[in-house]
Trainee: 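Structure in structure tokens, see below.
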Amino acid sequence: MNDQAHFRVRFAPSPTGYLHVGGARTALFNWLLARQAGGAFILRIEDTDRLRHVAGAEDKIIDDLRWLALDWDEGPQVGGDNGPYYQSQRLDIYERHVQQLLEQGKAYYALETPEQLDAMRAEARKAGTSISYRRPDPLPTIEQGLAAKEEGRAVVVRFKMPPDDIVVRDMIRGELVVGEGELEDFVIQKSDGWPTYHLACVVDDALMKITLVCRGQDHLSNTPKHVALQRALGFEMPRYAHLPLIFNMSGSKMGKRDKHTAVHEAAARWVRDGKWKPDDIAERAGVAADAAAAWFGDKKAKRKPEFQAMPVDGLLRLADAADVVLPEIDVHDFRASGYLPESLGNFLNLLGWSGGDDLEFFDRGHAVKAFSVDRIIKSNAKFDRDKLLSLNKDWCAKAPADRLLAAFKDWTRAAGSPMAALDDDTAARVLAACAGFRTFRDVQAKAGILFADDADIEYDPKAVKKVLAKNDGAGYATLERLHPELETVEPWTAEAIEAFFNETCEKTGAKLGDLAQPIRVAVAGRPVSPAIGETLVFLGREKTLRRIRNCLDGRQS
RNA sequence: GCCCCCAUCGUCUAGAGGCCUAGGACACCGGCUUUUCAUGCCGGCGACAGGGGUUCGACUCCCCUUGGGGGCGCCA
């Protein structure tokens, strides 16, 4: 019991953008561990990189964690006894520890210039070794370091790596031994006085009494450094669990670059097909015309930094205009695409962990009970969106109606869908009429046009040809015939409308599709919509008749 | 280049020496249901990276090769 009360884990994101799915998985696993043990889950913002910091990113991360229902016991917004929880507010703490190491001779001021460091690295590479920094002999004294600082030179503090073997016990990977001389003296304080990740992380984990550090495997190689620091500072060593990484299906890293690449490929294709001119693209993306011309005429341009730096809103406008669905990378992207947090959480739970049974569809409650570190998988995983899509479909199908409705309303508002204005009852009926959808975007695609302005209808030429124009305009003839009859259908309900269609079929010997499809194309512009009765009810009689009329009036000979 | 980690269907994974004719899910293919698109139901295709050991017996243990990944920053 006491043991459980002392169980403390943390999630420590760096505010350089939205919450990445990999980070979300790490957060989830930590949360699961904490809830299961009855321990504490701490959120700490690692904002020690002033250059890469993105304004407002921490709030976005916090928002996405909340959306995923991963609540924390200590951290931003909730406080706690071990704060502050922003590293940028803990500089005095780090300074104190750096001074301590300095005074004890366990760290020293290092005066090398970037050029000297580069030279050392090149030399090490040639010599076939991975340690490049050579400790100066004799070491600069504290006085010398201070004096150099006075002169305005860039001075950092390096940790003096002790000549010991370091053993890290990882709960997932087992024992990891790093021998003497395999680690170099790394920087613990930058020349601007801010701590590096290694120092800040070790100090905070200790002061925040973290008992288990569960993080991405990309930190595995750093861990021996952390252990050495802990020893030097007299800290207790937490337990470690390094999670496998998550990649794209192609095996590439899931990064925000993927979005740029997707847009670039689409835009370049459109330029090639003559659909767009670089000038149009420049305008939409809000960039200089010559830049756009250079980017989209050049296959390799997508790798250029100027292109990668393209502003996000411009990117989104482009993607929207080009009908490109950007690959989802961040939690935020999945929100925008109309996924349920339940299914994203469920899916992430399955990446790098398995319950050992065939159960794949489960809620958080089950996850808390079933989760365990020894069932975490060692190998990296690929993020299969198809599987997520399928899982989301199942979650939508099984979610309680009120829960689904609430999530749907959130989404319509965020997505700026015309369905955002619907009352609850209608929205619920739309959801029911689209049953079988995979994401809310599917609902939008199927029924959104019914609630949009008439002018927003884009008639799909293929559908018009096949359903309306074919056979000497048989479909148009059907519209002419049904239009007046639809005026008299009473009441205007799905049942009555369906009954009307069925009766007409019986009378004329037509098949339902012969009647419903022309109507569907006329009112939706495409051969896809909910069942014909519901479709027309959502539209209302007036709009139905008007759209059919408009369609007939706009008929091309 | 150096150090480290990993390795079962296309993908996520089950498998802790005989339960394996290697199981499930997604994807894919075929069929059925269906007023469109979906959904749903039924069936099918499909893997132990290669080579050496250890053992009466290896997907399971060991070694090598190959492949994938990470680290080697005044990024985290």
Side-chain angles (χ1 to χ4, degrees), chain A residues 12-16 46-49 51-52 87 110 112 114 117 121 124-133 154-158 170 172-174 176-179 182-184 186-198 200-201 215-225 242 244-245 247 249 251 253 347 350-361 377-391 393 397 434-438 442 445-446 463 467 498 501-502 505 511-517 519-521 524 526-533 535:
Chain A
S14 179
T16 54
E46 306 218 323
D47 51 353
T48 56
D49 185 345
L51 275 157
R52 292 192 199 191
Q87 290 188 327
E112 290 80 8
L117 292 175
R121 251 170 238 133
R125 189 82 180 227
K126 225 181 344 178
T129 160
S130 62
I131 61 154
S132 61
Y133 185 77
V155 177
V156 300
V157 178
R158 280 184 187 265
D170 187 275
I172 298 168
R173 268 147 241 281
L176 188 79
V177 184
V178 177
E182 286 181 39
L183 254 23
E184 63 184 28
F186 56 94
V187 176
I188 57 176
Q189 189 179 58
K190 309 174 201 173
S191 59
D192 62 3
W194 286 53
T196 60
Y197 162 73
H198 303 301
C201 173
R215 77 233 293 194
Q217 200 219 77
D218 45 338
H219 289 294
L220 187 60
S221 308
N222 289 326
T223 307
K225 293 180 188 167
H242 286 92
L245 270 18
F247 295 94
M249 285 301 276
K253 227 173 174 161
F347 179 71
L350 256 14
L351 279 187
W353 180 83
S354 145
D357 47 26
D358 289 339
L359 183 65
E360 294 197 324
F361 184 90
I377 283 108
K378 289 179 176 177
S379 48
N380 296 336
K382 289 178 182 167
F383 194 102
D384 186 354
R385 286 187 184 73
D386 284 330
K387 180 134 184 173
L388 205 212
L389 232 22
S390 170
L391 205 53
K393 181 199 69 200
C434 294
F437 61 87
R438 300 191 300 178
D442 289 350
K446 192 166 182 174
V467 178
E498 303 260 344
F501 275 100
N502 285 326
C505 282
K511 277 191 275 185
L512 195 40
D514 298 337
L515 307 182
Q517 284 308 82
I519 297 285
R520 195 170 257 128
V521 172
R526 291 164 295 125
V528 176
S529 84
I532 197 66
T535 294

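Reckoned from all heavy atoms, side chains included, excluding hydrogens, waters and symmetry mates. First the proteins, then the strands, lettered A, B, ... as listed; each starts at 1.
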Trainee: Give the rounded distance in Å between these two atoms: NE2 of A/H198 and C1' of B/C74.
Mentor: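 For the pair A/H198 NE2 and B/C74 C1', the rounded distance is 11 Å.
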
Trainee: From NZ of A/K446 over to P of B/U39, roughly how many Å is that when rounded to an integer?
Mentor: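 Nearest whole value for this atom pair: 9 Å.
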
Trainee: Could you tell me whether a side-chain N or O of A/K387 sits under 3.5 Å from a main-chain N or O of A/F347, the two making a donor and an acceptor?
Mentor: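 Not at all, since once roles are kept as given, no pair shorter than 3.5 Å links the two residues.
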
Trainee: Let's see if you can work this out: which of B/U11, B/C6, B/G73 has an atom nearest to the side-chain heavy atoms of A/E184?
Mentor: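 When the side chain of A/E184 is considered, B/G73 is the closest of B/U11, B/C6, B/G73.
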
Trainee: Provide, to the nearest angstrom, the distance between the CG atom belonging to A/N380 and the P atom belonging to B/A7.
Mentor: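 Answer to the nearest Å: 10 Å.
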
Trainee: Measure the distance from CD on A/E112 to C1' on B/C74 and round it to the nearest whole Å.
Mentor: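 Answer to the nearest Å: 12 Å.
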
Trainee: Taking OP1 and OP2 of B/C12, is either one under 4.0 Å from a side-chain nitrogen or oxygen of A/K387?
Mentor: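 So the side chain of A/K387 is outside the cut-off, no N or O lying under 4.0 Å from OP1 or OP2 of B/C12.
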
Trainee: Does A/K225 put a side-chain nitrogen or oxygen below 4.0 Å from OP1 or OP2 of B/G73?
Mentor: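 For B/G73, OP1/OP2 do not have a side-chain N/O of A/K225 under 4.0 Å.
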
Trainee: Does a side-chain N or O from A/R438 land closer than 4.0 Å to OP1 or OP2 of B/C26, or not?
Mentor: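 Checking A/R438 against B/C26: no side-chain N or O falls below 4.0 Å of OP1 or OP2.
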
Trainee: Taking pairing as Watson-Crick or G-U wobble with both contacts under 3.5 Å, can you name the mate of B/U21, or confirm there isn't one?
Mentor: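 Its partner is none (no Watson-Crick or G-U wobble pair with both distances under 3.5 Å).
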
Trainee: Starting at CD1 of A/I377 and ending at C1' of B/U11, how long is that distance when rounded to a whole Å?
Mentor: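 That distance rounds to 13 Å.
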
Trainee: When both hydrogen-bonding distances must be under 3.5 Å and the geometry is Watson-Crick or G-U wobble, what is B/G43 paired with, if anything?
Mentor: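 The answer is B/C29, by the H-bond criterion.
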
Trainee: Using the side-chain heavy atoms of A/E182, tell me which of these nucleotides is nearest: B/C74, B/C3, B/C5.
Mentor: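 Among B/C74, B/C3, B/C5, the one nearest the side chain of A/E182 is B/C3.
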
Trainee: Identify whether NZ of Lys or CZ of Arg in A/K225 sits under 6.0 Å from the centre of the six-membered ring of A/F186 and within 45° of that ring's axis.
Mentor: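 Output yes; distance and angle both within limits.
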
Trainee: Does any donor atom in the side chain of A/T16 or A/R52 lie under 3.5 Å from an acceptor atom in the other side chain?
Mentor: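 No, because no side-chain N or O of A/T16 sits under 3.5 Å from a partner of the opposite role on A/R52.
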
Trainee: To the nearest angstrom, how far is A/E360 atom CD from B/G23 atom P?
Mentor: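 Interatomic distance, CD of A/E360 to P of B/G23: 16 Å.
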
Trainee: If you compare every side-chain N and O of A/K190 against the phosphate oxygens of B/C75 (OP1, OP2), does one of them come in below 4.0 Å?
Mentor: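 For A/K190, the contact criterion (side-chain N or O under 4.0 Å from OP1 or OP2 of B/C75) is met.
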
Trainee: Which nucleotide sits closest to the side chain of A/D384: B/G70, B/U36, B/G10?
Mentor: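 Nearest nucleotide to the side chain: B/G10.
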
Trainee: B/C72 phosphate, OP1 or OP2: any side-chain N/O from A/S132 under 4.0 angstrom?
Mentor: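 Checking A/S132 against B/C72: no side-chain N or O falls below 4.0 Å of OP1 or OP2.
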
Trainee: Among the nucleotides B/U11, B/G71, B/C74, which one has an atom lying closest to any side-chain atom of A/N222?
Mentor: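 Among B/U11, B/G71, B/C74, the one nearest the side chain of A/N222 is B/G71.
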
Trainee: Counting the atoms with a prime plus P, OP1 and OP2 as sugar-phosphate, which does A/E46 contact under 4.0 Å by heavy atoms, base, sugar-phosphate, or nothing?
Mentor: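 If one applies the 4.0 Å heavy-atom cut-off, A/E46 turns out to touch the sugar-phosphate alone, with no base involved.
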
Trainee: Looking at A/R173, I'd like to know whether one of its side-chain N or O atoms comes within less than 4.0 Å of OP1 or OP2 on B/C4.
Mentor: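 No, because none of the side-chain N or O atoms of A/R173 sits under 4.0 Å from OP1 or OP2 of B/C4.
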
Trainee: So which nucleotide from B/A76, B/U13, B/C5 ends up closest to the side chain of A/A381?
Mentor: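 Comparing B/A76, B/U13, B/C5 against the side chain of A/A381, the answer is B/U13.
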
Trainee: Nearest of B/C72, B/C12, B/C75 to any side-chain atom of A/L351?
Mentor: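 Out of B/C72, B/C12, B/C75, the nucleotide with an atom closest to A/L351's side chain is B/C12.
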
Trainee: If the cut-off is 4.0 Å, is A/T48 near the phosphate of B/A76, judged by side-chain N/O to OP1 or OP2?
Mentor: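 A/T48 to B/A76 OP1/OP2: side-chain N or O found under 4.0 Å.
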
Trainee: Is A/S529 touching bases, backbone alone, or none of the nucleic acid, heavy atoms closer than 4.0 Å?
Mentor: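 Base: the residue A/S529, judged by heavy atoms under 4.0 Å, touches a nucleobase.
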
Trainee: Without decimals, in angstroms, what is the distance between A/L389 CG and B/U39 P?
Mentor: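 Going from A/L389 (CG) to B/U39 (P), I get 10 Å.
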
Trainee: Any donor and acceptor pair, going by atom type alone, linking the side chain of A/D47 with main-chain N or O of A/Q87 inside 3.5 Å?
Mentor: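 Between the backbone of A/Q87 and the side chain of A/D47 there is a qualifying donor-acceptor contact (under 3.5 Å).
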
Trainee: Checking A/R158 against A/T196: is there a side-chain donor and acceptor pair closer than 3.5 Å?
Mentor: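 Side chains of A/T196 and A/R158: no pair found under 3.5 Å.
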
Trainee: Indicate yes or no for a side-chain donor-acceptor contact from A/R526 to the backbone of A/A463 under 3.5 Å, with no hydrogens or angles considered.
Mentor: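 Checking the backbone N and O of A/A463 against the side chain of A/R526, no donor-acceptor pair under 3.5 Å is found.
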
Trainee: Whether A/R121 contacts B/G73 is assessed here as follows: a side-chain N or O lying under 4.0 Å from the phosphate OP1 or OP2. Is that the case?
Mentor: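 It does, given that an N or O in the side chain of A/R121 lies less than 4.0 Å from OP1 or OP2 of B/G73.
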
Trainee: Would you indicate which nucleotide in B/C26, B/C5, B/C74 comes nearest to any side-chain atom of A/L176?
Mentor: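 The nucleotide sitting nearest to the side chain is B/C5.
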
Trainee: Kindly say whether A/H242 contributes a backbone atom to a donor-acceptor pair with the side chain of A/D170 at under 3.5 angstrom?
Mentor: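 Judged by distance alone, yes, a pair lies under 3.5 Å.
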
Trainee: Could you tell me whether A/T129 contacts a base, only the sugar-phosphate backbone, or nothing, with contacts defined as non-hydrogen atoms closer than 4.0 Å?
Mentor: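 The answer is base, as A/T129 lies within the cut-off (heavy atoms under 4.0 Å) of a base atom.
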
Trainee: In terms of side-chain heavy atoms of A/S130, which of B/U35, B/C3, B/C5 is nearest?
Mentor: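 Among the listed nucleotides, the one closest to the side chain of A/S130 is B/C3.
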
Trainee: Distance check needed: B/G73 P versus A/L183 CG, whole Å only.
Mentor: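 Taking CG of A/L183 and P of B/G73, I get 11 Å after rounding.
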
Trainee: Among the nucleotides B/U35, B/C74, B/C6, which one has an atom lying closest to any side-chain atom of A/K378?
Mentor: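 Given the options B/U35, B/C74, B/C6, the side chain of A/K378 is closest to B/C6.
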
Trainee: With heavy atoms under 4.0 Å as the rule, sort A/S221 into base, sugar-phosphate or nothing.
Mentor: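 Base contact.
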
Trainee: Would you mind pulling out the nucleotide paired to B/G1, Watson-Crick or G-U wobble, both distances under 3.5 Å?
Mentor: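 Result: B/C72.
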
